[in-house]
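Below is one structure; the comments refer to it alone.
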Amino acid sequence: MKKKFRFQWGAFLLFLLFAGLFFLLLARIVSIQATGQVEGQELAAKAAAKYSQEEVLAAERGRILDRTGEIIAEDTLSYKLVAVLDERATQKTSDPRHVTDLDKTADILSEYIAVPRETIYETMQKGKEAERYQVEFGSAGREISHTQMIEMKEEGLPGILFVKNLKRLYPNGVFASHLIGFAMKEELENGDMVTKGKMGLEMIYDDILTGTNGKMEFDTDRWGFLLPNSETAVTPAVDGSDIKLTLDKTLENFLEDAMSTVQEKYEPARIIALIANPKTGEILGMSQRPSFNPNTREGLSENWLNESIQLTVEPGSPMKMFTLAAAVEEGKWDPNATYQSGSYQFGKWTIGDYNGRQGWGTISFLEGFQRSSNVAMAYLLERIGPDIFMNYIDAFGFGQKTGIDLPGEASGTILDNGEVDKLTLTFGQGSTVTPIQMIQAATAFANDGVMMKPYIIDEIKNPDTGEVTLKGEPEEAGQPISAETAKIVRDIMASTVTSENGSAQRFALQDYSVAGKTGTAQIPGENGRYMTGKDNYLFSFVGMAPADDPELVMYVGVQQPKMEVTEHGSQPVSEIFTSVMENGLKYMNIESEETEETPTVEITDYTGKPSAEVAAELASRNVNVITTGSAAEVSGQYPAKGETIVAGATVILQTEGESVLPDFTGWSKRELLAFQALSGLSLEIVGQGYAVNQSLSAGSALTEGEPVVVRLQTPEDAFKVQMTDGPEGIPDESEDEIIPEDASE
């Protein structure tokens, strides 16, 4: 029986619906394939964002080095402490990756970081309530050392992570801090952390020290694994340039130690000290007190000035050196001519000597200078002439910047409004100078009349390419006096130390002669008048040694030290100067003026010779011999062929066989490094100077790789100078305020 056909409208409508959807989907696919866009967004870019990864390659900040390459400031690895709170970080309950016990975690972390236990707990609790994935613990949780990180990891706290970071390290602590300054982490608007210089050289040369970060780009799958055969693009980081200074780390440490001792003993308002090479103008040491530790900023006050170049002070009696120089150069100096000391009348003004204007009767000009007589300077000005004198002040660079390679230098103020200003300038009152100006001017006396411009930057160098972008060089700043005048003034300044009338006797050194001039400058008070009282002065000394051919020139200023009734203002100044100068010259191997010439021995090539034969030959010439082994044939030596050593020095011979540890007492760092290289032994050298003890006793048999710790002692300790109170009955000069004739006493 034939069935009647019935049209299925429902099926037809479904067919049309699905067919329409199919064609719409097909059109969409074709459109996406053709344009590569969805809702205006590039699919390729979206895919790249999801699967292309980029890792920042951090650039290291440039180092700051001393003249020998010793580190003053550098980047070092540190860690940032992070506590993961989100439970989703844990994939297996047996291996938790988030903080599971807030109480225990807070208890343990508080033992390692400087944050109270309650604060740590509260930080994590609030983070958990706010559903934060992780939390940090502020500055105390940053800059964690590697040792601290290892100790905290050993606690096995779940959810505690350590993110690698770089921090700025100043390994010497308080060390020319106002010169070096400091750099610290700073958060940018985009959340990135960068190291920025905030003070001193770190800020001045921030652009040069700061490197350029690199990056590494690579592709991963959706789980973060590196895709096979994917290309990796690397843009290398460019580290910041290194800045090598003229500072000498050893001399600077001598200076810092001496200043800290005086600061603790006398509690002065400030100390300023500078050391320079007078032949080149290189600054070898620069510091001040109060100071601070750049690692922690502890001790940093509102005073951020580098006072050696930015503070202006009345110079006091050291200015008499330049008055004397002008008189000698102009042929107006007669050391044996006499004058009446005590007081000098200039119109309505009375100039007085420091001993209450009593003076010492009729004395010679030489004795007047030795006693630091203001009246002697007044009479010298009559001979020189005020205008000619001011020409010399200008030639010595006062009233103008030295041009040292540091910004913010002050120029000081040389008063020239009236004749009385020129008169008081002869003994350093009224006008102002900077310590760096005093150093520059003093180089003329030490350098045969040629004044050297001071500088602090030895070179700026790219550590990757070796390109030197800046090189400091010695530069003459003028020749205000002749070589003959310089020597005469130097000899007269030396007499202030050696003469029984000299005001600088306590600045004498044990093994070297000193030329210099003391000063006791008045300090302006808040009321515009000079402060009064025994301690309210800036006591200073500008000195150089050895006096005959100075290798170092030094300025020391100590303001308002707290002294006993029997103590004099030059005492704290001399404690700094004598300690630093004596030890500094010995460190520089400057021959003592009190010792006889030591015989020398020329080293020949001992390779291949029997060690016993070589030892006998050298012993006959008063040379110590150390062998690295027991065999008889020499295979290497220190010093090398052709070098000359003094009798009593040590020669190291390389021989085969088991090494026996010598007694390193008195060895220099250079000798220790030579022995290590020849013997193959592992020496861990701690400190500077000369060996004083070692971790294993002499004679111990050692094997290669076994470490031996050798501790060095600085020359300051090795050549300890016994400090004395100086000669009794020698008062310090203090610049009497000039008083109008009609004023009350």
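Side-chain atoms are counted along with the backbone in the values below, which use heavy atoms only and exclude waters and symmetry mates.
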Original post:
Taking atom types as modelled, is there a side-chain donor on Q522 or Q429 under 3.5 Å from an acceptor on the other?
Top reply: yes
Subject >> E314-Y530 side chain donor-acceptor pair, cut-off 3.5 Å >> reply: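 The answer is yes; a qualifying pair exists.
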Original post:
Using the ring of each side chain (for Trp, its six-membered ring), is F541 parallel, tilted or perpendicular to F507, with breaks at 30° and 60°?
Top reply: parallel
Original post:
Is the F539 ring parallel, tilted or perpendicular to the Y537 ring (thresholds 30°, 60°)?
Top reply: tilted
**OP:** Could I get the full list of ring pair (Phe, Tyr, Trp, His ring centres under 6.0 Å) partners for F365, not counting sequence neighbours?
**Re:** Y339
Within-4.5 Å side-chain heavy-atom neighbours: [X] and [Y]:
| X | Y | value |
| --- | --- | --- |
| P550 | R490 | yes |
| D511 | K586 | yes |
| I645 | V601 | yes |
| L423 | Y344 | yes |

**OP:** Could you list all the side-chain hydrogen bond (donor to acceptor under 3.5 Å, both in side chains) pairs where at least one residue sits in residues 404-415, not counting sequence neighbours?
**Re:** T402-E409
Original post:
Which pairs count as side-chain hydrogen bond (donor to acceptor under 3.5 Å, both in side chains) when at least one residue sits in residues 324-338, sequence neighbours excluded?
Top reply: E329-S482, E329-T485, E330-Y392
Original post:
For N303, does the CG atom have more than 12 heavy-atom neighbours from other residues, nucleotides or ligands under 6.0 Å away?
Top reply: yes
Subject >> Heavy atoms from other residues, nucleotides or ligands near NZ of K487 exceed 12 (cutoff 6.0 Å) >> reply: no
Is the backbone of [Y] close enough, under 3.5 Å, to the side chain of [X] for a donor and an acceptor to pair up by distance?
| X | Y | result |
| --- | --- | --- |
| Q288 | E307 | yes |
| E567 | E564 | yes |
| S341 | G359 | no |
| S308 | I436 | no |

Subject >> side chain to side chain donor-acceptor pair (under 3.5 Å) partners for K562, two or more places apart >> reply: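 Scan of K562 (side chain to side chain donor-acceptor pair (under 3.5 Å), adjacent residues dropped) gives E267.
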Original post:
What residues form a side chain to side chain donor-acceptor pair (under 3.5 Å) with E476, not counting sequence neighbours?
Top reply: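 Counting only residues at least two positions away or on another chain, E476 forms no side chain to side chain donor-acceptor pair (under 3.5 Å).
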Subject >> Counterpart residues, side-chain contact (heavy atoms from CB on, under 4.5 Å), relative to W304 (two or more places apart) >> reply: F182, M199, L300
Original post:
side-chain contact (heavy atoms from CB on, under 4.5 Å) with M581: which of L509, V553, I576?
Top reply: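 It is L509; the other options fail the test.
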